[in-house]
Amino acid sequence: MDPRPRWHAETVEPETEVAVAEEVETRLDTPWRVILFNDDVHTFDEVVYQLIKAIRCTVEKAERLTWEAHSKGRACVYESDFADCFRVQTILQEIDLVTELEG
């Protein structure tokens with residue numbers, strides 16, 4: 001019986017090539033966008049109200065953005081720096097709206 005532990009260097013499998021993902025630089029100072037996706041859960045009025053709360057816009061603009069998300073499947077509802085977009089996204093997610101930050 002061999003007294004060496006199984007992990008001893010002589011018993012390790014030969015090196016295996018590992019694909020390394022290319023690092024993508026994330027810049028917080030570039031324009032960021034909040035994307036709102038259509039869903040079948042929320043009413044039109046719920047989305048309009050939450051948009052007004054999040055981006056402090058008029059009812060007309062909130063209705064237009066909601067209609068765009070509904071008809072096209074997604075809408076860019078806000079564009080600014082990362083911190084502002086993150087704040088807007090957080091407010092929209094209060095009622096579980098589906099959003100994404102693009103930057």
Side-chain angles (χ1 to χ4, degrees):
M1 180 171 192
D2 190 353
R4 293 177 295 186
R6 296 186 130 200
W7 49 265
H8 190 272
E10 293 177 0
T11 61
V12 174
E13 294 292 323
E15 284 189 38
T16 306
E17 285 189 39
V18 177
V20 178
E22 184 177 322
E23 259 188 63
V24 177
E25 183 180 343
T26 301
R27 296 191 52 178
L28 301 180
D29 61 342
T30 59
W32 284 79
R33 291 170 295 287
V34 179
I35 307 300
L36 172 66
F37 292 91
N38 184 45
D39 67 34
D40 295 326
V41 177
H42 298 89
T43 66
F44 198 85
D45 289 338
E46 287 173 326
V47 178
V48 167
Y49 173 79
Q50 205 66 16
L51 279 169
I52 293 169
K53 182 178 172 183
I55 66 174
R56 301 178 183 119
C57 67
T58 63
V59 172
E60 292 78 18
K61 182 174 181 177
E63 287 175 343
R64 188 176 74 249
L65 292 169
T66 302
W67 182 252
E68 182 179 340
H70 175 74
S71 60
K72 294 182 179 178
R74 61 183 271 159
C76 175
V77 296
Y78 192 75
E79 186 173 325
S80 186
D81 62 34
F82 178 80
D84 285 344
C85 287
F86 186 77
R87 178 192 59 79
V88 167
Q89 182 186 41
T90 301
I91 294 169
L92 294 175
Q93 290 178 339
E94 288 175 349
I95 63 168
D96 297 324
L97 291 172
V98 180
T99 62
E100 177 179 278
L101 289 181
E102 287 183 355

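Quick caveat, the model's predicted, so the values are computed rather than measured. One is the number of the first residue; the rest follow in order along the sequence. Only this structure's heavy atoms are used, side chains among them; waters, hydrogens and symmetry mates stay out.
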Given the rule in the side-chain contact (heavy atoms from CB on, under 4.5 Å) test, do Val34 and Leu101 qualify, once you have shown the distances and angles that lead to the verdict? CA-CA 5 Å; Val34 179; Leu101 289 181; 3.7 Å; yes

Are [X] and [Y] connected, step by step, through hydrophobic side chains (Ile, Leu, Val, Met, Phe, Trp, Tyr) whose heavy atoms are closer than 4.5 Å?
X     : Y     : answer
Trp32 : Val88 : yes
Ile35 : Val98 : yes
Leu51 : Ile95 : yes
Ile55 : Leu97 : yes
Phe44 : Val59 : yes

Between [atom1] on residue [X] and [atom2] on residue [Y], distance to nearest 0.5 Å:
X      : Y     : atom1 : atom2 : answer
Glu100 : Leu92 : CD    : CG    : 13.0 Å
Gln50  : Asp45 : CD    : CG    : 12.5 Å
Lys61  : Ile52 : NZ    : CD1   : 11.5 Å

Would you check if [X] and [Y] make a side-chain contact, meaning some heavy-atom pair closer than 4.5 Å?
X     : Y     : result
Glu94 : Ile91 : yes
Tyr49 : His42 : no
Gln89 : Tyr78 : no

Name all residues meeting the salt bridge (Lys or Arg N to Asp or Glu O under 4.0 Å) criterion together with Glu102; count only those two or more places apart in sequence or in a different chain, and write none if there are none.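 Once residues adjacent in sequence are excluded, the partners of Glu102 under the salt bridge (Lys or Arg N to Asp or Glu O under 4.0 Å) criterion are Arg33, Arg74.
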
For Ala75 and Ala69, which heavy atoms make the closest approach, and how far apart are they?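 The answer is CB-N, 3.7 Å.
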
What are the two closest non-hydrogen atoms of Ser80 and Cys85, and how far apart are they?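 Closest approach of Ser80 to Cys85: N-SG, 3.5 Å.
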
Given the rule in the side-chain contact (heavy atoms from CB on, under 4.5 Å) test, do Leu36 and Leu65 qualify, once you have shown the distances and angles that lead to the verdict? CA-CA 9 Å; Leu36 172 66; Leu65 292 169; 6.0 Å; no

Over 60° means perpendicular and under 30° means parallel, so tell me whether Phe82 and Phe86 are parallel, tilted or perpendicular. parallel

